[in-house]
Amino acid sequence: MTYSGQVTVGGPADVHELKDLMITKIAVGPMDNNAYLLRCRATDQQILIDAAAEARTLLGMIGDDGIASVVTTHRHADHWQALAEVVAATGARTHAGREDAEGIPVPTDVLVDDGDVIRVGQVELTARHLVGHTPGSIALVYDDPHGHPHVFTGDCLFPGGVGNTRQDPEAFARLIHDVETKIFDVLPDETWVYPGHGNDTTLGAERPHLPEWHARGW
């Protein structure tokens, strides 16, 4: 089956099969959050990005092999509602951006800074610190050696714009700056974007609209 990235709450997961990594996307919770399970094909080690809600659903997706880590992209509550239960069931280590960790009510084992590498088996994910939606939001970049990059953006980049900055011009300026300089300026158009809610996109689909986003201020 061809991966589309289109999932609905209560519906099946969708699986993006890469040569070294399997990415399983599922939608959970009342705010239609995306959670992503990443599995290294060489080692079968797994990590979860955003234990957003519905711990039973997430644990079913994780399966008997468990997970080594959970990465929380940012401190907003809809992205960690199932974190405590998932960690209790799996013993996973927790990762979050340094500036957001204090807003997550589950202790963070690993404080993540810009440029840090998070490993899942033999696969490396590079963290990019993006300020504006929250002080410590992080995106994770997988630079696939066999193809194009993949980036998990949390709530910092979606189809059609950057994340919510609550009509704060300063926060919008920080976020659009970080998204441009750390994502758009360094990654190619083919880069696949996995957001915290809704459908996937690519940088190429969004890049022509950057001037519009600047002009409207959100």
task: Determine whether the side chains of D50 and H74 contain a donor N or O and an acceptor N or O closer than 3.5 Å.
output: no
message: Less than 3.5 Å apart, any donor N or O on the side chain of H209 or E206 sitting next to an acceptor on the other?
response: no
task: For the pair E190 and H150, evaluate side chain to side chain donor-acceptor pair (under 3.5 Å) and give the outcome as yes or no after the intermediate values.
output: CA-CA 9 Å; E190 296 78 15; H150 300 255; over 6 Å; no
- line: d(R128 CZ, K182 NZ) to nearest 0.5 Å is 5.5 Å
query: Per the side chain to side chain donor-acceptor pair (under 3.5 Å) rule, which among D200, T201, T202 passes with W192?
result: D200
task: Kindly indicate whether the side chain of Q167, heavy atoms from C-beta on, has any atom under 4.5 Å from the side chain of F172.
output: no
query: Pick from V28, I26, D32: which one makes a side-chain contact (heavy atoms from CB on, under 4.5 Å) with V9?
result: D32
- prompt: Are the side chain of Q45 and the backbone of G121 linked by a donor-acceptor contact shorter than 3.5 Å?
  reply: yes
message: Applying side chain to side chain donor-acceptor pair (under 3.5 Å) to H95 and D116, what does each step give before you reach the verdict?
response: CA-CA 11 Å; H95 296 66; D116 285 355; over 6 Å; no
message: Between E17 and R41 (salt bridge meaning N to carboxylate O under 4.0 Å), is one present in this structure?
response: yes
- prompt: Are any of the side-chain nitrogens in K19 or D144 under 4.0 Å away from the carboxylate oxygens of its partner?
  reply: no
query: Any side-chain donor-acceptor pair under 3.5 Å between D20 and H146?
result: yes
field: R98 with D113: basic N within carboxylate O range, under 4.0 Å
entry: yes
message: Does any part of the side chain of L38, heavy atoms only, come nearer than 4.5 Å to the side chain of T24, both counted from C-beta?
response: no
